[in-house]
Engineer: 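Below is the structure I would like to discuss, written out as structure tokens.
Order of appearance sets the numbers: ligands from 1, and atoms from 1 within every ligand. Numbers for residues simply follow the sequence, beginning at 1. Please read all numbers here as calculations on a predicted model, not as lab measurements.
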Amino acid sequence: YYTMLKPTFAKEVYMERRARLQKTMGSGLLLFLGNTIASYNYPDNNYMFRQDSTFLYLFGLDYEDLAAVIDVDNNRTIIFGDELTIDDIIWTGVQPTLAEKSEAVGVTETRPMAELQKYIDQAVAQQQKVHFVPPYRGHTIMWLRELLGKEAQPSLDLIYALADMRNHKAPEEIAEIAKAIDITVDMHETAIRMVRPGVTEKDIAAAVCEVAQRKGYYLSFPTIATNHGETLHNHGYIHTLQDGDMLLLDAGAETEMHYAGDCTTTMPVGRDYTQRQKEVYEILYRTYEEATRMIRPGITYRECHVRAWANIAEGLKGLGLMQGDPMEAAEAGAVAMFMPHGLGHMMGLDVHDMENYGEVHVGYPRGAEKDPRFGFRSLRLGRTLEPGFVFTVEPGIYFIPDLIDQWKAAGKFKEFICYDKLEAFKDFGGMRNEEDWLITSDGASRIGRKKPNSMAEIVAMKG
Ligand code: GLY
Ligand code: MN
Ligand code: MN
């Protein structure tokens, strides 16, 4: 073979997952469309292939142009796909057959893709309900319309069943996530060691990508490497770093089996943080540490989020930037000025796990709605924490000039925010610290190797 079978868990893992899903659903036809290859600029020049995570979770097969059904009513599981033709093999080399790939994940029935439509038409004719999860790629949306007609709607029952399974990570998944995080920490340590005046954001972005790629891993999301951390998704890489700057690095690796890591470090570019940076970092670090001490089974992540906001308010009050009762400021949403995102999100096969199902279905109790207020609505995980949950803890403190101007002009939360003092911080930038945690039976544990989080740890690593 030119390519060996790509890594999967033992076939029993997938067989057990599918059996459990089948039992929960009770009836119907469950339809799973894998991802296809997407063209970059012409048909034979492609983006890197990324398999759909639901398909990976249930079938483990990291290959393009596959579909599968779990026919609950008839107790059958079938993978649909086509064998390579000689025209393909000239370009790809000999590859494992569909039957060989499927056998490795415990599926013994395979059929050509052309038979999928017939199978579905028959199921529909027999009044079987067809369940699928929300598609997120244009191609899949069109493929589903072709197969089922344009009225077909995603299945909430299937979403909830899968979210419940995937939210509770099994030991083999946690081990895989730990591998992703260990490489993620290597990426962060590489950046801490190399950052100094004159290094560019591009240098950092390239170096952390190299760390992942050298292990055969890739990135779990586009790297954020910026001296303007207050812009939350800053992918510009346009700056040459200077003494007095901070570099915010938010980067993570994805293992060959596509489990993610997601960490953020905010490091000084020069030898040390400036005095003003130290004052804010200390607040961030205390907030981070307290959040990691709060998380345990039974507490809601919304409560941890609001407590983190209150801790930030209390610290900023000490700097003269906020006033009033910190907890009241948090509950009112005023601290969203300084941290407009949530404290964290579920992580697994996706860095924001299952966000394609609708984040409210994953991060909130069944039927609940998200708080629509600014700041609160960005909290992707709000529900009661349960053993097996894997998620990020990522408080941040940002000074966003446009947001300051807008809220100041509107007089928003002026009982809590000291706008006059805040003017001087419009050039501060932003900081965040992020690691990935697991809820255990009686508390929580960091997954993988610990990353430098405190100022002392970060500065010591710079050497
Ligand atoms: N890297 C995206 C996030 O931290 O959520
Ligand atoms: Mn994150
Ligand atoms: Mn992140």
Side-chain angles (χ1 to χ4, degrees), residues 50 53 167 169 177-178 180-192 201 204-205 208-209 211-212 217-226 228-237 246-255 258-267 284 287-288 291-292 295 301 304-305 308 336 339-357 359-360 362-363 370 375-382 385 389-398 429-439 444 446-453:
R50 175 56 157 83
S53 294
N167 271 338
K169 267 66 179 178
I177 293 169
I181 294 168
D182 285 346
I183 301 302
T184 297
V185 172
D186 286 349
M187 292 158 69
H188 283 254
E189 292 184 347
T190 296
I192 294 169
E201 293 171 355
I204 301 284
V208 302
C209 186
V211 172
Y217 290 21
Y218 196 61
L219 303 176
S220 49
F221 59 94
T223 296
I224 297 165
T226 177
H228 278 287
E230 78 281 9
T231 301
L232 297 183
H233 279 177
N234 195 330
H235 302 127
Y237 314 136
M246 290 179 298
L247 173 76
L248 184 152
L249 175 70
D250 185 351
E254 174 170 308
T255 65
H258 300 290
Y259 283 86
D262 180 13
C263 290
T264 305
T265 309
T266 308
M267 58 195 81
L284 176 71
T287 302
Y288 175 77
T292 63
I295 52 178
Y301 208 46
C304 301
H305 172 88
M339 181 178 143
H341 62 68
L343 185 60
H345 50 84
M346 294 288 196
M347 192 186 79
L349 279 165
D350 309 300
V351 62
H352 289 188
D353 214 18
M354 297 169 267
E355 211 154 287
N356 58 311
Y357 295 176
E359 58 198 65
V360 74
V362 177
K370 280 210 274 178
F376 288 98
R377 67 169 173 260
S378 302
L379 180 59
R380 294 175 151 83
L381 173 58
L385 301 178
F389 282 11
V390 169
F391 57 90
T392 66
V393 180
E394 50 176 311
I397 302 177
Y398 315 91
M431 46 175 62
R432 175 166 68 255
N433 196 66
E434 176 178 27
E435 286 185 301
D436 309 319
W437 288 75
L438 164 72
I439 297 297
R446 171 189 287 107
I447 312 177
R449 205 152 68 75
K450 180 177 178 294
K451 165 186 98 58
N453 294 313

Engineer: Between Glu201 and Thr226, what is the shortest heavy-atom contact and its length?
Structural biologist: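 Shortest heavy-atom contact: OE2-CA, 3.4 Å.
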Engineer: Taking the side chain as C-beta and beyond, is there a heavy-atom pair between Lys451 and Arg446 under 4.5 Å?
Structural biologist: no
Engineer: Under 4.5 Å between any side-chain heavy atoms of Tyr237 and Ile204, yes or no?
Structural biologist: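 When only atoms from C-beta onward are counted, Ile204 and Tyr237 do not touch, as no gap falls below 4.5 Å.
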Engineer: Determine whether Ser53 and Asn356 make a side-chain contact, defined as any pair of heavy atoms from C-beta on separated by less than 4.5 Å.
Structural biologist: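 The answer is no; the side chains never approach within 4.5 Å.
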Engineer: How long is the span from the OG1 atom in Thr292 to the CG atom in Asn433, to the nearest 0.5 Å?
Structural biologist: 10.0 Å
Engineer: Side chain of His188, backbone of Ala251: donor and acceptor closer than 3.5 Å?
Structural biologist: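 The answer is yes, because a donor-acceptor pair under 3.5 Å joins these two groups.
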Engineer: Identify the heavy atoms of Gly261 and Ala180 that sit nearest to each other, and give their distance.
Structural biologist: N-CB, 3.6 Å
Engineer: Which protein residues have a heavy atom closer than 4.0 Å to any atom of ligand 1, listed by chain and number?
Structural biologist: Phe221, Asp250, Asp262, His345, His352, Glu394, Glu434
Engineer: When the ring centroid of His341 is compared with that of Tyr398, is the distance short of 6.0 Å?
Structural biologist: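 When the ring centroids of His341 and Tyr398 are compared, they turn out to be within the sub-6.0 Å range.
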Engineer: Which heavy-atom pair separates Ala291 from Val393 by the least distance, and what is that distance?
Structural biologist: CB-CG1, 3.7 Å
Engineer: Give the total of protein N/O/S atoms at a distance below 2.8 Å from the Mn ion (ligand 2).
Structural biologist: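 For the Mn ion (ligand 2), protein nitrogen, oxygen or sulfur atoms under 2.8 Å: 4.
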